[in-house]
Amino acid sequence: MKKSKIWIRICVHLLVCTTFGVHSSEFGDAVTDDITSISLLKQNIPKDYKIPVTYIPKEVGGMCWVTLNVFHLELSLRGLADKFGNISSNKYNISILIEMLKETRYHMKNLEVITSDFECHYRDEKWQTGHYFQFVEDFLNTARSNRDSPEECDPPPCPTTTKASATTITTQYPTSGKEPLRFLPEVVERSLLSLLVIPIAAIVFLFVWKVSCSLTLRTCNLKPDCWQLSISLIASTFFGL
């Protein structure tokens, strides 16, 4: 009886040790894989290569930072992987990182709702290789240390850039009725008024010229000095000569 109990304890002990060892080795391999992949990608991709990414900073995302960035970071890595051929080592290493993100995303709840609530806080930028993969490494480390993702996140107020521009447009077109509505700037209106003076003066000039010619034709009977008389009459009319 004692021997059977001893064997049962030995079997249970071996089972616990084996299970714990398997999970530990899997976790260790995951850490080693992402560090190795990121290190190789930093070496193989040019340092000045610009990689597009959509993200939310930690100071905005808070406890939901991992949840808010997992989907867009996976899309960014997929876009980067498409730049390389199927037999490229870079594509293979990026695929390892994508699988880690997929595994992280699989255990998250309300991901679509939380992402849409923070839509106005996302930023679109292009980072150089070192900065980009430093962000990926930071993300994976944070996701590994915080496995329990929150189910609800309260977004901060959206930036006020859009509201400011709308206010500017409103002030340009007042609707209170106290001020006249201007369709053109005041300087342009003055310029147009000054241009109208020229055709009006020309019309008056032609009218005076016609009247003066009709008077002089009667007196000088189309003599050569008639035009001098007409000019003198017009000059006396406009300039007081």
Side-chain angles (χ1 to χ4, degrees), residues 20 22-159 161:
F20 180 77
V22 169
H23 285 290
S24 299
S25 62
E26 289 179 354
F27 183 78
D29 291 342
V31 176
T32 304
D33 287 345
D34 67 46
I35 293 176
T36 303
S37 299
I38 291 174
S39 178
L40 291 173
L41 289 169
K42 284 183 179 180
Q43 295 176 10
N44 296 336
I45 299 177
K47 294 181 180 181
D48 57 348
Y49 187 77
K50 297 294 185 68
I51 306 173
V53 59
T54 300
Y55 77 105
I56 284 183
K58 279 188 175 181
E59 60 270 18
V60 178
M63 296 297 296
C64 299
W65 183 72
V66 173
T67 304
L68 293 169
N69 285 288
V70 62
F71 178 72
H72 289 285
L73 184 57
E74 182 181 337
L75 288 180
S76 177
L77 285 170
R78 288 183 181 276
L80 181 61
D82 292 338
K83 304 293 184 182
F84 303 100
N86 293 329
I87 61 174
S88 172
S89 60
N90 290 334
K91 192 180 187 71
Y92 172 76
N93 289 319
I94 294 172
S95 66
I96 295 176
L97 301 177
I98 293 174
E99 289 301 321
M100 293 180 181
L101 292 178
K102 288 172 62 177
E103 182 66 21
T104 302
R105 179 168 54 85
Y106 178 77
H107 298 285
M108 291 181 175
K109 299 178 181 179
N110 301 326
L111 178 61
E112 184 177 356
V113 176
I114 295 174
T115 302
S116 62
D117 289 341
F118 282 76
E119 186 67 30
C120 62
H121 295 284
Y122 281 96
R123 303 178 184 180
D124 295 323
E125 295 184 6
K126 290 185 177 181
W127 292 341
Q128 291 186 350
T129 303
H131 185 191
Y132 180 83
F133 285 106
Q134 183 61 42
F135 179 82
V136 175
E137 186 175 357
D138 186 20
F139 176 87
L140 293 174
N141 291 333
T142 306
R144 194 176 293 114
S145 59
N146 299 321
R147 292 183 175 275
D148 297 328
S149 60
E151 297 183 6
E152 294 183 359
C153 299
D154 295 327
C158 290
T161 305

Which heavy atom in [X] sits nearest to a heavy atom in [Y], and how many Å separate them?
X	Y	result
V70	L101	CG2-O, 3.7 Å
P52	Y132	O-CE1, 4.3 Å
K91	A81	NZ-O, 3.0 Å
P156	V60	CG-CG1, 4.1 Å
T54	N69	O-OD1, 4.4 Å

* Asked: Under the salt bridge (Lys or Arg N to Asp or Glu O under 4.0 Å) rule, what pairs show up with a residue in residues 66-76, not counting sequence neighbours?
  -> E74-R78, E74-R105
* Listed once per pair and sorted, the salt bridge (Lys or Arg N to Asp or Glu O under 4.0 Å) pairs that draw on residues 48-62, sequence neighbours left out -> K58-D138
* Taking the side chain as every heavy atom from C-beta outward, state whether P46 and Q128 have any atom pair closer than 4.5 Å. => no
* To do: Ignoring hydrogens and angles, state whether a donor on the side chain of Y55 or S76 is under 3.5 Å from an acceptor on the partner side chain.
  => no
Any pair with a residue in [range] that passes disulfide bond (SG atoms under 2.5 Å apart), sequence neighbours left out, goes on the list, sorted by first then second residue, please.
range	result
residues 42-75	C64-C153
residues 105-138	C120-C158
residues 67-116	none
residues 82-116	none

* To do: Kindly indicate, with the supporting measurements, whether the criterion side chain to side chain contact (heavy atoms under 4.5 Å, CB included) is fulfilled by I45 and F84.
  => CA-CA 11 Å; I45 299 177; F84 303 100; 4.1 Å; yes
So, taking the atom named [atom1] in [X] and the one named [atom2] in [Y], what distance separates them when rounded to the nearest 0.5 Å?
X	Y	atom1	atom2	value
D117	L68	CG	CG	9.0 Å
I51	L41	CD1	CG	8.5 Å
H121	I56	NE2	CD1	7.0 Å
L80	L75	CG	CG	12.5 Å
L111	F71	CG	CZ	8.0 Å
I98	I94	CD1	CD1	7.0 Å

* To do: Would you sort out whether N90 and L40 count as a side chain to side chain contact (heavy atoms under 4.5 Å, CB included), showing the intermediate values?
  => CA-CA 8 Å; N90 290 334; L40 291 173; over 6 Å; no
* Under the salt bridge (Lys or Arg N to Asp or Glu O under 4.0 Å) test, residues paired with E99 that sit two or more places apart -> K102
* Who are the salt bridge (Lys or Arg N to Asp or Glu O under 4.0 Å) partners of K109, not counting sequence neighbours? -> E151
* For H107, check ring pair (Phe, Tyr, Trp, His ring centres under 6.0 Å) against everything at least two apart and list the hits. => none
* Structure fact -> Across all chains, not counting sequence neighbours, the ring pair (Phe, Tyr, Trp, His ring centres under 6.0 Å) partners of Y122 are H72
* Evaluate side chain to side chain contact (heavy atoms under 4.5 Å, CB included) for F133 paired with L97, printing each intermediate quantity in order. => CA-CA 11 Å; F133 285 106; L97 301 177; 4.3 Å; yes
* To do: Begin from the C-alpha positions of Y49 and K83 and carry the test side chain to side chain contact (heavy atoms under 4.5 Å, CB included) through to its verdict.
  => CA-CA 12 Å; Y49 187 77; K83 304 293 184 182; 3.8 Å; yes
* Hey, does the side chain of S116 reach the backbone of V113 with a donor-acceptor pair shorter than 3.5 angstrom? -> yes
* **Residues, nucleotides or ligands: over 12 heavy atoms within 6.0 Å of D154 CG** => no
* Asked: Would the number of heavy atoms belonging to other residues, nucleotides or ligands and lying under 6.0 Å from CD of E119 be above 12?
  -> yes
* **With sequence neighbours excluded, residues passing side chain to side chain contact (heavy atoms under 4.5 Å, CB included) with Q134** => K42, E137
* Among all residues two or more places apart in sequence or in another chain, which pass the side chain to side chain contact (heavy atoms under 4.5 Å, CB included) test with S95? -> Y92
